[in-house]
Amino acid sequence: MATATTTSSSSNEPLLKKKKKQSLGWIEWLRGWFNLFYEFLFQRITASHLHNPMPLPPINDLTCIVTGSTSGIGLEIARQLAESGAHVVMAVRNTKRANDLIQKWQIESDGLGLGMALNVEVMEVDLLSLDSVARFAEAWNARATPLHALINNAGIFSIGEPQKFSKDGYEDHLQVNHLAPALLSILLLPSLIRGSPSRIVNVNSIMHHVGFVDTEDMNLTSGKRKFSSLVGYSSSKLAQVMFSSVLFKRLPAEAGISVLCVSPGIVQTNVARDLPKSVQTGYHLIPYFIFNAQEGSRSTLFAATDPQVSEYCELLKSDEWPVCPYISHDCRPANASEEAHNLQTSHEVWEKTLEMIGLPSDAVEKFLEGEEVKCRYGQEQQ
């Protein structure tokens, strides 16, 4: 009788393990919000050891692509990289705005007597169009030149806005914050391999701690969860960490490509334009706690240029750490959220993402072998 009970219990164990998680638990949810408020209150204290602007190592031989570099953190990242001698590619939707900024930076540089021509160029890309992303990657790869750092900075947080979808049919936060950067990262692997040692730096957010990804409803259309901009944003940022973790593990050490996420902190950027008036007022009343764009750019600049970062990534890879390296706003290693350590969901996010962006499941392996990879968007990639 006891044997029969044990057997029955054992046979039910796989069923229990397969039960799909439907949301964050209360403890995870509270811990996530605690982390968010802790960063808000103490980020300036914990980052007090950092200089502003962030001093950069010699980067004259560095080629960087920075998405969303016409405003906020991205603008500061592109400007400081350019002024430090890097070749910067501003991957933006508004090319006129980008060219105007380059002229302004050059005039400022000349005014300081630096006597240096900034090596900055502009390439158009619209992250709300996966065709545009694929064409951008194709154009860059066609140059057959090395890429040392891909900085996926562009993002949206459409606070208070109704749910919107791109022409590709994907929810806007999901596409801009996760799908488009994922597609760009994979398609640019040939150039990143040429630039090895190279890095993929994803500008993430502390908000991923309150995110949850349902891989059967990544587009948030099933009605299982009521859509809000907070849900859309936090879920997309968690998806980015999960996808990055699998990519980090799939790239062998000999490829020389580091993949990491960074938190810029809680920053006063153009996101505030979309906030309700009452919240905007709060932003202006508590400026001490909130980073400006230059302060918010420091962790990304550190992740993209500091030699220690590659060593840290190699260490985590050798230790088979389950998530990708994560750099906090204070330029110190941090741990991603508890949910980001859900390996089953991370692999499901990986598979679902590749399906959504039109790439085969073995795309990374094919690129590493130098083989052709066909993408549903744009033209055939080499």
Side-chain angles (χ1 to χ4, degrees), residues 50-127 132-133 135-137 139-155 181 184 188 191-192 194-203 262 264 267-270 291-307 309 331:
L50 299 177
H51 294 285
N52 192 44
M54 166 76 72
L56 301 181
I59 54 174
N60 295 67
D61 297 326
L62 204 69
T63 296
C64 311
I65 291 176
V66 186
T67 65
S69 43
T70 55
S71 65
I73 298 170
L75 184 155
E76 285 297 327
I77 292 168
R79 182 183 65 79
Q80 291 181 63
L81 287 172
E83 290 177 354
S84 298
H87 172 206
V88 178
V89 180
M90 299 176 72
V92 299
R93 185 169 52 180
N94 188 340
T95 56
K96 182 183 183 304
R97 165 72 171 153
N99 282 306
D100 289 346
L101 282 170
I102 294 171
Q103 290 182 12
K104 178 186 174 186
W105 297 341
Q106 187 63 64
I107 291 170
E108 291 173 349
S109 177
D110 294 341
L112 293 173
L114 299 180
M116 177 180 71
L118 301 181
N119 188 6
V120 189
E121 63 176 301
V122 179
M123 290 181 67
E124 185 176 2
V125 65
D126 180 1
L127 300 189
S132 176
V133 173
R135 287 194 297 268
F136 175 95
W140 179 263
N141 287 334
R143 300 185 182 190
T145 54
L147 175 62
H148 304 106
L150 169 61
I151 301 176
N152 288 312
N153 162 77
L184 193 59
L188 286 177
S191 295
L192 288 161
R194 291 189 199 100
S196 174
S198 54
R199 304 176 191 184
I200 299 172
V201 181
N202 296 308
V203 180
V262 302
V267 186
Q268 171 73 21
T269 66
N270 281 348
F291 284 169
N292 59 39
Q294 188 177 74
E295 291 168 323
S297 70
R298 293 178 299 192
S299 56
T300 303
L301 289 168
F302 173 80
T305 64
D306 196 283
V309 172
C331 298

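No hydrogens, no waters, no symmetry mates; every other heavy atom, side chains included, goes into these values. These numbers were taken from a predicted model, which means no experiment stands behind them.
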For S69 and M90, which heavy atoms make the closest approach, and how far apart are they? O-CE, 3.1 Å
Take T70 and L101 through the test side chain to side chain contact (heavy atoms under 4.5 Å, CB included) and record every step on the way to the result. CA-CA 8 Å; T70 55; L101 282 170; 4.2 Å; yes
From OG1 (T305) to CG (L81), nearest 0.5 Å: 7.0 Å
Measure the spacing between CZ of F291 and CD1 of I73 and express it to the nearest 0.5 Å. 10.0 Å
Short side-chain to backbone donor-acceptor contact, Q268 and G72, under 3.5 Å: no
Sorted by first residue and then second, give each side-chain hydrogen bond (donor to acceptor under 3.5 Å, both in side chains) pair with at least one member in residues 90-99; sequence neighbours left out. K96-D100
If you take all heavy atoms of A139 and M123, which pair is closest and at what distance? CB-CE, 4.1 Å
Looking only at non-hydrogen atoms, find the nearest pair between M54 and C331 and report the distance. CE-SG, 3.5 Å
Smallest separation among heavy atoms of S299 and V262, with atom names: O-CG1, 4.0 Å
Can you tell me how far CG of N152 sits from CG of N202, rounded to the nearest 0.5 angstrom? 5.0 Å
Under the side chain to side chain contact (heavy atoms under 4.5 Å, CB included) test, residues paired with T145 that sit two or more places apart: W140, R143
Rounded distance [0.5 Å steps], CG in L147 versus NE2 in H87: 10.0 Å
Is the side chain of D306 donor-acceptor paired with the backbone N or O of F302 at a distance under 3.5 Å, no angle test? no
Smallest separation among heavy atoms of A82 and L118, with atom names: O-CD2, 3.6 Å
With sequence neighbours excluded, residues passing side chain to side chain contact (heavy atoms under 4.5 Å, CB included) with D61: none
Under the rule for side-chain hydrogen bond (donor to acceptor under 3.5 Å, both in side chains), what residues qualify as partners of N153, not counting sequence neighbours? none
Listed partners of P146 passing side chain to side chain contact (heavy atoms under 4.5 Å, CB included), at least two apart: H148, R194
Provide the full list of salt bridge (charged side-chain N to carboxylate O under 4.0 Å, His left out) pairs with a residue in residues 67-80, sequence neighbours left out, each pair given once. E76-R79, R79-E83
Could you tell me which residues satisfy side-chain hydrogen bond (donor to acceptor under 3.5 Å, both in side chains) with S297, sequence neighbours excluded, listed by chain and number? Q80
For S198, give me all partners under side chain to side chain contact (heavy atoms under 4.5 Å, CB included), at least two apart in sequence or on another chain. L192, I257
In this structure, OG1 of T67 is separated from CG of L150 (nearest 0.5 Å) by 7.0 Å
State, to 0.1 Å, how close A303 and V309 come at their nearest heavy-atom pair, and which atoms those are. O-CG1, 3.7 Å
Value for SG (C64) from CZ (R199), rounded to nearest 0.5 Å, stands at 10.0 Å
